[in-house]
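Below is one structure, written out as structure tokens; the observations come after it.
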Amino acid sequence: MMLTLYGIPNCDTVKKARNWLDAQGIAFDFHDYKKAGVPEGALADWVDALGWEVLLNRRGTTFRKLSEDDKADIDAAKALRLMIANPSMIKRPVVTTGEGKPLVGFDANAWRARLG
């Protein structure tokens with residue numbers, strides 16, 4: 001199984017997730033949004049699979065700093081544009097395995113059930 005963990009290295013949740021994967025002996029590639037950007041095709045696939053509401057982090061400072069116009073009337077296309085322009089607005093981490101829906105956020109029990 002090829003596992004890719006997408007996120008930002010200084011995010012506490014991403015750090016917990018990386019530590020958990022290391023402790024379980026699960027190999028993974030880390031995709032740093034800050035250095036490598038957001039893979040637009042993958043993000044569109046995640047939105048299709050999970051819905052933009054699952055992926056868009058409305059609680060973070062990046063979202064809160066948006067103009068009221070940017071925050072209003074969000075649909076899938078607008079959410080996708082916002083997340084591409086501001087990768088910090090994507091809930092973290094996102095984990096893909098090449099099969100099934102991606103995992104979003106870190107929940108050790110859900111990850112254990114899915115990743116072994």
Side-chain angles (χ1 to χ4, degrees):
M1 168 174 52
M2 188 61 213
L3 190 143
T4 303
L5 185 143
Y6 296 85
I8 298 169
N10 63 344
C11 171
D12 288 339
T13 307
V14 170
K15 288 177 187 177
K16 288 178 193 174
R18 292 173 80 174
N19 289 337
W20 185 88
L21 290 169
D22 287 339
Q24 305 305 310
I26 299 173
F28 63 96
D29 287 328
F30 179 66
H31 181 100
D32 182 347
Y33 292 142
K34 294 290 186 181
K35 290 183 181 174
V38 178
E40 292 182 32
L43 183 59
D45 290 345
W46 304 341
V47 168
D48 288 344
L50 301 168
W52 65 268
E53 301 89 344
V54 172
L55 291 162
L56 183 65
N57 180 7
R58 294 176 184 235
R59 294 182 182 174
T61 57
T62 304
F63 184 83
R64 290 189 306 239
K65 289 180 181 179
L66 290 176
S67 71
E68 291 305 314
D69 286 342
D70 283 341
K71 292 180 193 177
D73 302 321
I74 297 177
D75 60 10
K78 186 174 184 179
L80 195 57
R81 284 192 308 274
L82 289 170
M83 290 185 285
I84 289 167
N86 304 285
S88 296
M89 281 197 280
I90 302 169
K91 286 186 185 169
R92 301 178 295 268
V94 174
V95 172
T96 61
T97 62
E99 55 189 52
K101 293 181 180 181
L103 294 166
V104 179
F106 176 65
D107 177 332
N109 292 330
W111 283 34
R112 190 172 293 108
R114 173 87 178 273
L115 305 175

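This structure is a prediction, so every number in the text was calculated from the model and none was measured.
Within the 4.5 Å cutoff, the side chain of V14 has no heavy atoms near those of the P9 side chain. Residues K16 and N19 have side chains not in contact (no heavy-atom distance under 4.5 Å, counting atoms from C-beta outward).
Scanning both residues, L43 and M83, for their nearest heavy atoms gives CD2-CB, 3.8 Å. Pairing each heavy atom of S88 with each of N57, the nearest pair is O-ND2, 4.5 Å. A27 approaches L3 most closely through the heavy-atom pair O-CB, 3.8 Å. The two residues R64 and T61 have their closest heavy-atom pair at NH2-CG2, 3.0 Å. Between M89 and L82, the closest heavy-atom pair is CE-O, 3.4 Å. Considering all non-hydrogen atoms of both residues, G105 and W111 come closest at O-NE1, 3.2 Å.
Note that SG of C11 is 10.0 Å distant from OH of Y33, once rounded to the nearest 0.5 Å. Rounding to the nearest 0.5 Å places NZ of K91 at 14.0 Å from CH2 of W46. Here the straight-line distance linking atom CE of M2 with atom CG of D29 works out to 3.5 Å at 0.5 Å rounding. Here the straight-line distance linking atom CG of D12 with atom CZ of R92 works out to 9.5 Å at 0.5 Å rounding. If you take CZ on R114 and OG1 on T97, they are separated by 4.5 Å, rounding to the nearest 0.5 Å.
Just one of V54, L55, T96 meets the side-chain contact (heavy atoms from CB on, under 4.5 Å) condition when paired with P102; it is T96. Of the listed residues (L21, L5, V95), just one forms a side-chain contact (heavy atoms from CB on, under 4.5 Å) with I26, and that residue is L21.
Remark: D75 CG is packed, more than 12 non-hydrogen atoms of other residues, nucleotides or ligands lying under 6.0 Å away. More than 12 heavy atoms of other shown residues, nucleotides or ligands fall within 6.0 angstrom of atom CD in Q24. A 6.0 Å sphere centred on NZ of K71 holds more than 12 heavy atoms belonging to other residues, nucleotides or ligands.
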Item to check | Verdict with reasoning, L115 to F28, per side-chain contact (heavy atoms from CB on, under 4.5 Å) | outcome: CA-CA 11 Å; L115 305 175; F28 63 96; over 6 Å; no
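A side-chain donor-acceptor contact under 3.5 Å links K78 to the backbone of D70.
Both I90 and L56 are part of a single hydrophobic cluster, where members link through side-chain heavy atoms under 4.5 Å apart. Side-chain heavy atoms closer than 4.5 Å link hydrophobic residues (I, L, V, M, F, W, Y) into clusters, and following such links, possibly through other members, connects W20 to F30. A continuous path of ILVMFWY side-chain contacts below 4.5 Å connects V38 to L50, so both sit in one hydrophobic cluster.
Ring-plane geometry between Y6 and H31 is classed as tilted, the angle between the planes lying from 30 to 60 degrees on a 0 to 90 degree scale.
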